[in-house]
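Residue numbers start at 1 and run along the sequence shown. For the numbers below, each heavy atom of this structure counts, side chains included, while hydrogens, waters and symmetry mates do not.
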Amino acid sequence: MTVVKSRPFREKQGKILLEGRRLIADALKAGAVPKVFFFSRLEYIKELPIEKLKGVSLIKVKFEDIKDWSDLVTPQGIMGIFAKPDHVKMTYPETQLRHTLPILLICDNLRDPGNLGTILRSAAGVGCSKVILTKGCVDAWEPKVLRAGMGAHFQVPIINNVDWEAVPNYLPADTRVYVADNCGLYTQAQAQAQMSNKASDCGWVCDRRPLQFHKYEEEEENLESAANKGWLPELEVQSYDSDWTEAPAAVVIGGESSGVSLESLQLAESTGGGRLLIPIVPGADGLSSAMAASVLLFEGKRQLRARAGRLSGDGSRH
Ligand SMILES: C[S@@+](CC[C@H](N)C(=O)[O-])C[C@H]1O[C@@H](n2cnc3c(N)ncnc32)[C@H](O)[C@@H]1O
């Protein structure tokens with residue numbers, strides 16, 4: 001089980017471990033392919049669609065074993081090894097597809113499994129079209145992410161482990177990339193003092209120094225010299241509630257400690273996007289990646305609904 005739960009197992013063998021009756025049922029519904037089930041009571045197997053069990057090894061074990069292997073506070077008596085799901089071959093729930101919005105999420109070097117799971121739940125809840133995880137993010141299929149995701153893995157397409165150079169291949173045509181950026185330490189007072197460029201139109205100015213951008217730690221020196229050469233993207237900072245959903249949008253959320261990467265800003269610049277800042281009270285603790293993602297995704301949804309309401313002449317839908 002230790003091996004089965006490890007990232008090398010998932011990567012080399014292309015298999016994942018799922019635990020719990022609900023998650024396993026959701027996975028089967030979405031078309032995930034089971035290989036082995038460990039169960040403590042036959043009823044748990046009988047609950048599963050029989051046509052999905054062909055060729056699957058069914059191994060009855062003691063509940064104590066499941067308890068030893070389990071990551072759950074209340075182990076549910078069934079665990080399954082599945083082929084790692086391929087988002088292209090999955091069938092997502094009909095209701096989910098009907099509510100899909102032209103908003104995509106890119107997680108940039110997100111390391112914390114709980115944060116990523118929570119973000120996936122928000123992405124599924126809002127109706128994101130897909131979630132892209134750049135290289136360096138925690139694996140979406142790691143047990144703690146699955147636990148925090150509460151089934152979101154089988155509601156929204158997730159594209160794992162993508163190089164920044166390949167990210168544009170996954171974006172629908174005309175997508176504008178917006179980077180969620182807390183802009184380092186900032187205050188409204190600073191913003192007002194620096195009202196001299198476009199960003200100041202909405203009252204917010206990014207105080208981020210080039211050195212705060214991270215690609216991978218070992219590249220910081222390169223970034224420093226790049227910054228000195230002056231090719232860091234010049235990106236407008238917009239308040240999160242300014243209109244950013246006119247074209248299909250991709251929102252980038254930065255990692256817990258590293259923040260947003262240089263590549264994300266370059267992509268935002270090349271697609272005509274910008275930076276989105278959620279203003280918080282000066283001096284208050286910043287938002288976590290998961291909080292920022294939720295605020296921005298639901299704000300995006302609000303904007304789309306408001307626009308649809310205006311177009312249909314029904315202001316009440318705002
Ligand atoms: C915990 S923050 C990163 C903190 C990191 N030490 C830094 O200085 O950038 C994680 C991510 O959440 C998003 N975020 C957090 N607060 C935000 C805010 N007020 N406005 C926009 N995005 C925010 C950004 O994408 C950020 O990179």
In Å, rounded to the nearest 0.5 Å, how long is the span from CD1 of Ile159 to CG of Asn169?
10.0 Å
Heavy-atom side-chain contact between Leu304 and Ile103 under 4.5 Å
yes
Please step through side-chain contact (heavy atoms from CB on, under 4.5 Å) for the pair Leu105 and Val156, ending with a clear verdict.
CA-CA 11 Å; Leu105 186 69; Val156 63; over 6 Å; no
What heavy-atom pair brings Trp141 and Pro85 nearest, and what distance separates the two atoms?
CH2-CG, 3.5 Å
Answer yes or no: is there a donor N or O on one side and an acceptor on the other, between the side chain of Asp86 and the main chain of Val88, under 3.5 Å?
yes
Count the heavy atoms of every other residue, nucleotide or ligand shown that sit under 6.0 Å from CG of Asp174, and state whether that count exceeds 12.
no
Min side-chain heavy-atom separation Asn160-Asp139 under 4.5 Å
yes
For Asp181 and Arg275, work out which heavy atoms get closest and say how close.
OD2-CD, 3.4 Å
Contact check, side chains of Trp164 and Ser264, non-hydrogen atoms, under 4.5 Å:
yes
Where do Glu256 and Asn109 come nearest, in terms of heavy atoms and distance?
OE1-O, 4.3 Å
Backbone N or O of Lys5 within a donor-acceptor pair of the Arg10 side chain at under 3.5 Å?
yes
Indicate yes or no for a side-chain donor-acceptor contact from Arg41 to the backbone of Ile78 under 3.5 Å, with no hydrogens or angles considered.
no
I'd like to know if Val33 and Val4 are part of one continuous hydrophobic network [Ile/Leu/Val/Met/Phe/Trp/Tyr, side-chain heavy atoms within less than 4.5 Å].
no
Rounded at 0.5 Å granularity, tell me how far CG in Asp65 sits from NZ in Lys60.
10.5 Å
Just by distance, do the side chain of Asp108 and the backbone of Ser261 share a donor-acceptor pair under 3.5 Å?
yes
Starting from the C-alpha separation in whole Å, work towards a yes-or-no answer on side-chain contact (heavy atoms from CB on, under 4.5 Å) for Lys35 and Phe82.
CA-CA 5 Å; Lys35 300 288 182 193; Phe82 283 71; 5.9 Å; no
Short side-chain to backbone donor-acceptor contact, Gln238 and Trp244, under 3.5 Å:
no
Without placing hydrogens or testing angles, list every side-chain donor-acceptor pair under 3.5 Å for residues 277-293, not counting sequence neighbours.
unit_1, atom_1, unit_2, atom_2, d
Ser288, OG, Ala290, N, 3.4
Ser288, OG, Met291, N, 3.1
Ser289, OG, Gly254, O, 3.1

From the list Val252, Leu104, Val251, Leu265, side chain to side chain contact (heavy atoms under 4.5 Å, CB included) with Val177 holds only for Val252
I would like to know whether Leu171 and Leu267 meet side-chain contact (heavy atoms from CB on, under 4.5 Å); could you show each step before the answer?
CA-CA 11 Å; Leu171 305 181; Leu267 192 58; 4.2 Å; yes
May I ask you to test the Leu17-Ile81 pair for a side-chain heavy-atom distance under 4.5 Å?
yes
How close do Phe154 and Ala27 get, counting heavy atoms only, and between which atoms?
CZ-CB, 3.5 Å
Closest heavy-atom pair and its distance - Val131, Leu133:
CG1-CD2, 3.8 Å
Would you indicate whether the side-chain heavy atoms of Thr245 and Leu101 approach each other to under 4.5 Å?
no
Among Lys15, Gln13, Arg7, side chain to side chain donor-acceptor pair (under 3.5 Å) partner for Glu11
Arg7
I need the Ile132 CD1 to Asn161 CG distance, nearest 0.5 Å.
12.5 Å
Are Val179 and Tyr170 linked, directly or through intermediate hydrophobic residues, by side-chain heavy-atom contacts shorter than 4.5 Å (ILVMFWY only)?
yes
Output for pair (Ser122 OG, Ile253 CD1), nearest 0.5 Å, gives 10.0 Å
If I compare all heavy atoms of Gly273 with all of Leu235, which pair ends up nearest, and what's the gap?
O-CD2, 3.9 Å
Please tell me whether Leu18 and Val138 are part of a single hydrophobic cluster in this structure, the criterion being side-chain heavy atoms less than 4.5 Å apart.
no
Please answer: with hydrophobic residues joined when any side-chain heavy atoms are less than 4.5 Å apart, are Met150 and Leu23 in the same cluster?
no
Between Arg302 and Glu299, is a salt bridge (charged side-chain N to carboxylate O under 4.0 Å, His left out) present by the stated rule, with each step listed?
CA-CA 5 Å; Arg302 187 200 63 76; Glu299 167 58 21; 2.9 Å; yes
Apart from Ile50 itself, what residues make up its hydrophobic cluster when side-chain heavy atoms of I, L, V, M, F, W and Y under 4.5 Å apart count as a link, directly or indirectly?
none
Could you walk me through whether Phe37 and Ile24 pass the side-chain contact (heavy atoms from CB on, under 4.5 Å) check?
CA-CA 10 Å; Phe37 282 124; Ile24 287 176; 3.7 Å; yes
Is it the case that more than 12 heavy atoms not belonging to Lys301 sit under 6.0 Å from its NZ atom?
yes
Gln303 side chain to Ser242 main-chain N or O, any donor-acceptor pair under 3.5 Å?
yes
Quick note, side-chain hydrogen bond (donor to acceptor under 3.5 Å, both in side chains) partners involving residues 17-29, not counting sequence neighbours, are Glu19-Ser70, Arg21-Glu47
Separation between CE of Met79 and CD1 of Ile59, rounded to the nearest 0.5 Å
12.5 Å
Would a single hydrophobic cluster contain both Ile16 and Phe9, if residues Ile, Leu, Val, Met, Phe, Trp and Tyr are joined by side-chain heavy-atom contacts under 4.5 Å?
no
Find out whether His87 and Tyr92 are in side-chain contact, i.e. whether some heavy atom of one side chain is under 4.5 Å from a heavy atom of the other.
yes
When rounded to the nearest 0.5 angstrom, what is the spacing between CG in Leu296 and OH in Tyr240?
9.0 Å
Heavy-atom side-chain proximity of Phe63 to Lys67 below 4.5 angstrom
yes
Within the 4.5 Å heavy-atom criterion, are Arg147 and Lys144 side-chain neighbours or not?
yes
